[in-house]
Amino acid sequence: MVSMGENYSVLMSVYYKEKPEYLRESMQSIYEQTIPTDDFVLICDGPLNEKLDAVIHEMQKKFKKRLKVYQLEKNGGLGNALNIGIHNCKNELIARMDSDDISRPDRCERELNIFKEKPDIAIVSGIVEEFDHDKDFIQAKRVLPEYDCEIKEFARFRNPFNHPCIMYKKSQVEIAGGYRDFYLLEDYFLWIRMFQCGCKGYNIQSPLLWMRTGSELYKRRGGWKYAMSQKALFQYMAENNYIGKTDYYTSIIGRTIISIMPNPLREFFYKEFVRG
C-alpha cells in the first residue's frame, strides 16, 4: 500500500499561446502552498516563446530541483502532455494545475487532509471561483456534489469534478488507462473510466482555486465539434450501461442546443443556470 504522507506532485502543461503573466501567477500560487510540493512537473507542450521561457527560468530559481521541466518537440494536445507528466511524477498523489489559474494557498493541504481521512478515495476536487481579469471580482462558482454516491449520480449528466483543482492517485489513473484523446472532454472521460474501475471521489465544499474564464472559455464550449465530442462521450456511457437511453437522448439534445447557441447567450446560460 502506498503511503499517504505530505509528499505530492504537481502536474502542469503549458503551450505557446499562454500569457507569461498568467503562467507566473499560476506557478507562484503553487510555490506559496502551505504544504509545499517536492515534485513540480511542468510539460512544455511544443516550443514556447522567449517570454514564457523566461518565466520558467525565473521559477526554476525559486523551486530549484523541485521543478522538473520536460520539453516536447511538438504540440500533441493536453491529454498526451498530461499522460507524459503523470508518468514522470514521482509521488502517488498528483495535484493538477492549469497554467492560467490560481490556487488558494491551502488548496493542496486541504486535499491532502481528505486523502488522510478517507484512504479509499481516489479523486478529490472542490469549488472553483471564476473570474475574468481580477480574482477579487468573482463572476461565478462551480459547486459540485460532495459524496461519492452523489458524484456518480451527477456524472450521468455533467462533469462531476473541477479538473483545474483536482488531486488524484497516480496508480488509479494509470489503471483506468490515463487520459485519452477526447476533444475538450479528456477529464470527464477519465472520471467515467475510473468509476468503472471502482474508484471513489470526494468534492470539498469550499473554494480551492480561482479559475480564469472570460468569453473565450464559453466560445470553446460551442460549435459542432464540441457537440459531437459530447455525443461520443454520452454514447460511450450508454453503451457501458452508465446511463439509460432516455438520459442519453435528453443529454444530447440539451447539449447540442447549448453548443450551437450564439456565444453571448451561451455565456449567459452558463453563468445564470449552470454555475452556482
Side-chain angles (χ1 to χ4, degrees), residues 8-31 37-60 63 66-103 107-108 123 125 128 159 161-194 209 211-213 216-217 220-221 225-226 229 232-233:
Y8 66 97
S9 298
V10 173
L11 174 57
M12 178 186 290
S13 172
V14 63
Y15 78 132
Y16 74 99
K17 288 186 178 181
E18 189 55 88
K19 294 186 177 181
E21 60 270 27
Y22 293 173
L23 177 63
R24 181 181 290 106
E25 279 188 289
S26 179
M27 296 184 74
Q28 183 66 27
S29 75
I30 293 299
Y31 184 77
T37 179
D38 67 335
D39 182 46
F40 190 160
V41 174
L42 176 64
I43 305 297
C44 300
D45 193 9
L48 302 180
N49 55 57
E50 287 186 9
K51 291 183 178 180
L52 288 171
D53 288 336
V55 171
I56 294 171
H57 182 65
E58 173 190 329
M59 287 297 166
Q60 283 177 312
F63 283 96
R66 293 185 293 147
L67 176 59
K68 297 184 294 186
V69 181
Y70 295 87
Q71 177 68 59
L72 305 186
E73 289 186 6
K74 61 180 182 179
N75 183 285
L78 180 62
N80 175 67
L82 294 182
N83 282 335
I84 292 171
I86 288 170
H87 176 74
N88 285 285
C89 285
K90 73 176 186 179
N91 295 309
E92 167 70 346
L93 294 179
I94 301 174
R96 267 282 294 120
M97 186 67 194
D98 282 337
S99 57
D100 58 350
D101 295 332
I102 305 170
S103 283
R107 169 207 160 174
C108 292
I123 315 168
S125 184
V128 295
N159 193 326
F161 298 111
N162 284 318
H163 193 215
C165 65
I166 208 84
M167 184 181 280
Y168 43 43
K169 292 180 178 178
K170 174 179 178 176
S171 59
Q172 298 304 306
V173 172
E174 291 178 329
I175 287 171
Y179 291 91
R180 295 180 186 171
D181 187 23
F182 221 107
Y183 181 67
L184 295 181
L185 296 171
E186 297 98 338
D187 59 323
Y188 196 168
F189 188 33
L190 174 58
W191 314 145
I192 296 301
R193 288 182 286 111
M194 289 181 74
L209 175 138
M211 179 180 172
R212 205 179 299 272
T213 56
E216 284 300 313
L217 173 73
R220 290 196 299 271
R221 298 290 186 269
K225 184 175 181 180
Y226 186 55
S229 182
L233 175 61

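One-based numbering along the sequence shown.
The two atoms that bring P20 and K51 nearest to each other are CG-CB, 3.5 Å, heavy atoms only. Closest heavy-atom contact between I56 and V69: CG2-CG2, 3.8 Å. Scanning all heavy atoms of the two residues, the minimum distance from T37 to R66 falls at O-NH1, 2.8 Å. Closest of all the heavy-atom pairs between Q71 and P47 is NE2-N, 3.6 Å.
A distance of 15.0 Å separates OH in Y22 from NZ in K17, rounded to the nearest 0.5 Å. In this structure, CD1 on I102 lies 4.0 Å from CD on E25, to the nearest 0.5 angstrom. Here N80 contributes atom CG and I43 contributes atom CD1; the two are 9.5 Å apart, rounded to the nearest 0.5 Å. The distance from atom OG of S26 to atom CG of L209, rounded to the nearest 0.5 Å, is 8.0 Å. Atom CE of M97 and atom OG of S29 lie 3.5 Å apart (nearest 0.5 Å). Rounding to the nearest 0.5 angstrom, the gap separating the CZ atom in F40 from the OG atom in S9 is 11.0 Å.
The main-chain N or O of Y183 is found under 3.5 Å from a side-chain atom of S229 such that the two form a donor-acceptor pair. In this structure, D45 contributes its side chain and G77 its backbone to a donor-acceptor pair below 3.5 Å. In this structure a side-chain-to-backbone donor-acceptor pair under 3.5 Å is missing from R24 to V55. In this structure, the side chain of E92 engages the main chain of S171 through a donor-acceptor pair within 3.5 Å. Under the 3.5 Å distance criterion, the side-chain polar atoms of N162 are left unmatched by any main-chain donor or acceptor of S125.
D38 and N91 are linked by a side-chain donor-acceptor pair at a separation below 3.5 angstrom, with hydrogens and angles left out of the test.
Aromatic rings from H163 and Y179 are positioned such that their centres are separated by under 6.0 Å.
Residue N88 places its CG atom among more than 12 non-hydrogen atoms of other residues, nucleotides or ligands, all under 6.0 Å distant.
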TODO: Begin with the C-alpha distance, continue with both residues' side-chain angles, and end with the deciding distance and a verdict on side-chain contact (heavy atoms from CB on, under 4.5 Å) for L190 and F182.
DONE: CA-CA 10 Å; L190 174 58; F182 221 107; over 6 Å; no
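The closest side-chain heavy-atom distance from R212 to D98 is not below 4.5 Å. For the pair K19 and D100, the minimum side-chain heavy-atom distance is 4.5 Å or more. By the 4.5 Å heavy-atom criterion applied to side chains, L42 and M59 are not counted as neighbours. Taking the side chain as every heavy atom from C-beta outward, F63 and V10 never approach each other to under 4.5 Å.
Paired with K170 under the rule side-chain contact (heavy atoms from CB on, under 4.5 Å), one option of I175, I94, L11 passes, and it is I94.
The pair D39-K68 counts as a salt bridge, with a side-chain nitrogen and a carboxylate oxygen less than 4.0 angstrom apart.
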